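In what follows, a single structure is set out as structure tokens and then discussed.
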Number of protein chains: 2
Amino acid sequence: MTLKSGPPGNSKAQMIVEDVRRRIVDREWQQGDRIPDEAELAVEFGVARATVNKALQILAEEGLLDRKRRAGTHVTVNPARKATFTIPIVREQVESAGMAYSHRVVAQKRSPAPPEIASRMRLPEGAPLIHLRTVHMGDDQPFQVEDRWINPAAVPEVESVDFRQVNANEWLVRHAPYLRADLTFSAENANARDARLLDTRQGHALLIMQRTTWNDLGAITSVRLSFYPGHMVTTDH
Amino acid sequence: MTLKSGPPGNSKAQMIVEDVRRRIVDREWQQGDRIPDEAELAVEFGVARATVNKALQILAEEGLLDRKRRAGTHVTVNPARKATFTIPIVREQVESAGMAYSHRVVAQKRSPAPPEIASRMRLPEGAPLIHLRTVHMGDDQPFQVEDRWINPAAVPEVESVDFRQVNANEWLVRHAPYLRADLTFSAENANARDARLLDTRQGHALLIMQRTTWNDLGAITSVRLSFYPGHMVTTDH
DNA sequence: CAGTGGTCTAGACCACCCA
DNA sequence: GGGTGGTCTAGACCACTGG
């Protein structure tokens, strides 16, 4: 068999990905089955082994295949598949919804790390940090409350920035690339301050996204985003 | 320069990934800068161009680099980076927390698709579906409420399964591989039924995860998971 | 149109690990 | 020990697009 030229999957590797995925979805190859090895598939598809290898690695990353040396390639039994989503930049998010973006810094001060933040950033309790609280708005309606801690030890230039004038989110994105990030979703009832800042009722369920980033000097920033009630976060397609 | 053999990054491509990422984090290459082309880097690192290509493609997928033919490779200006997380299997999640898993099917019946579900599954309103409501428990405490709609048109075998005996989550995972999935996070105040099933107060903020999957025959299933208050979902590292 | 990334190939050697 | 995937290479041709 050769690759069907069908409604193009573009590259040969991509076409093999789609063909193999289809065989799995159609249960032609069932969960747990061992599939032919790379050399056989290379002959079947009429391509080099490296091309088959690339395709199967993509499917393995997706979680559809399990690959082991000597044991061969098997269809995953419990395909606990992965989802990806893009970490949004608030301003772009607001503007892509057709609204005018603005933000307001509610508080900015130096402050020693409280226990919870220190643990999340893996810093000693009481480490000197900068604490910011910002409201992000679309068409002057509150959209998201940002509660951010920044570690000057990891980003020395931050000392001289006035975040009342520059959006912290974007300044950090441009000046402090990170190596590693943690991201957590949860839900909380709006407390009095959240409710006031978001212009909503106390007790309303809020989607909370917490993110901490690190570079080689340590934690850069830890931020807790509270979204306006009803907001949804969706994975990429 | 050749690759440092350092505290192994394993493969050459992976070492190049780490070296380039470090140059960006150290701001040796700044946002917007054009970096040397593949051929130059291949010489610098002492490897074949294909190896550099693989490394740079990984960094481009991560969102750190922008690559265009003829224009070359640039450091992304707004690195809206991606996060991935693994879609959990409830039972494994409970058991990995050291608790005994059990589940209870609260309701199972055939039911025409209500408007919201039909739209989410891209089916005509009123399409014949199977509706399941299940409570998942750890050590006999409610952990998650699952509200699931299954489309027999996409998974004919489902007609003969008794989900009181078999966990729907796992049965589907094993018998109905999917091609595409949607995933959405939001927060809602517990309604009376959620509160009763989760053994908590009405109004408590719940993290909601909604997922819909498709194969080539159409939507397979759409499920709405309500987590016990305080639950967090975290990305992979 | 020419420089750059995208992809493929044939071959090679290696690393792992099951039998 | 031997079969399998993991990776690399040198070279080639192509596709896109910026100058």
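Order of the sequence lines sets the chain letters (A, B, ...), proteins ahead of strands, with each chain counted from 1. This one's a predicted model, so the numbers in the text were calculated from it and none came from an experiment.
The phosphate of C:dG6 has neither OP1 nor OP2 within less than 4.0 Å of any side-chain N or O from A:Lys12. Considering only side-chain N and O atoms, B:Gln14 lies nowhere under 4.0 angstrom from the phosphate OP1 or OP2 of D:dG6. Taking only side-chain nitrogens and oxygens, B:Gln57 comes nearer than 4.0 Å to OP1 or OP2 of C:dG6. In terms of phosphate contacts, A:Asn53 brings no side-chain nitrogen or oxygen within less than 4.0 Å of OP1 or OP2 of D:dG5. Between D:dT9 and B:Thr51, a contact under 4.0 Å exists linking OP1 or OP2 to a side-chain N or O.
In this structure, of C:dC8, D:dT9, D:dT7, it is C:dC8 that holds the atom nearest to the side chain of A:Ser11. Taking the side chain of A:Thr73 as heavy atoms from C-beta on, and the options D:dG5, C:dT9, C:dT7, the nearest nucleotide is D:dG5.
Protein atom CD1 of B:Ile35 is 12 Å distant from nucleotide atom P of C:dT4, rounded to whole Å. The separation between B:Arg67 atom CZ and C:dT7 atom P is 10 Å, rounded to whole Å. Atom P of nucleotide D:dT17 and atom CG of B:Asp37 are separated by 18 Å, given to the nearest angstrom. Here the C1' atom of nucleotide C:dT7 and the CZ atom of A:Arg49 are 17 Å apart, to the nearest Å. Taking atom CD on A:Glu38 and atom P on C:dC13, their separation rounds to 18 Å, with Å as the unit. In this structure, B:Arg34 atom CZ and C:dG3 atom P are separated by 11 Å, rounded to whole Å.
Between A:Phe143 and A:Tyr228, the ring center distance fails the sub-6.0 Å criterion.
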Next item on the list: Starting from the C-alpha separation in whole Å, work towards a yes-or-no answer on side-chain contact (heavy atoms from CB on, under 4.5 Å) for B:Val94 and B:Gln144.
Entry: CA-CA 10 Å; B:Val94 166; B:Gln144 181 189 93; over 6 Å; no
Margin query: Run B:Glu146 and B:His136 through side-chain hydrogen bond (donor to acceptor under 3.5 Å, both in side chains) and show every step you take.
Written below: CA-CA 8 Å; B:Glu146 171 186 321; B:His136 299 275; 2.6 Å; yes
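A side-chain donor-acceptor contact under 3.5 Å links B:Thr73 and B:Arg67.
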Contacts under 3.5 Å, N or O only, protein and nucleotides 16-19 of chain C:
unit_1	atom_1	unit_2	atom_2	d
C:dC18	O2	A:Arg70	NE	3.4

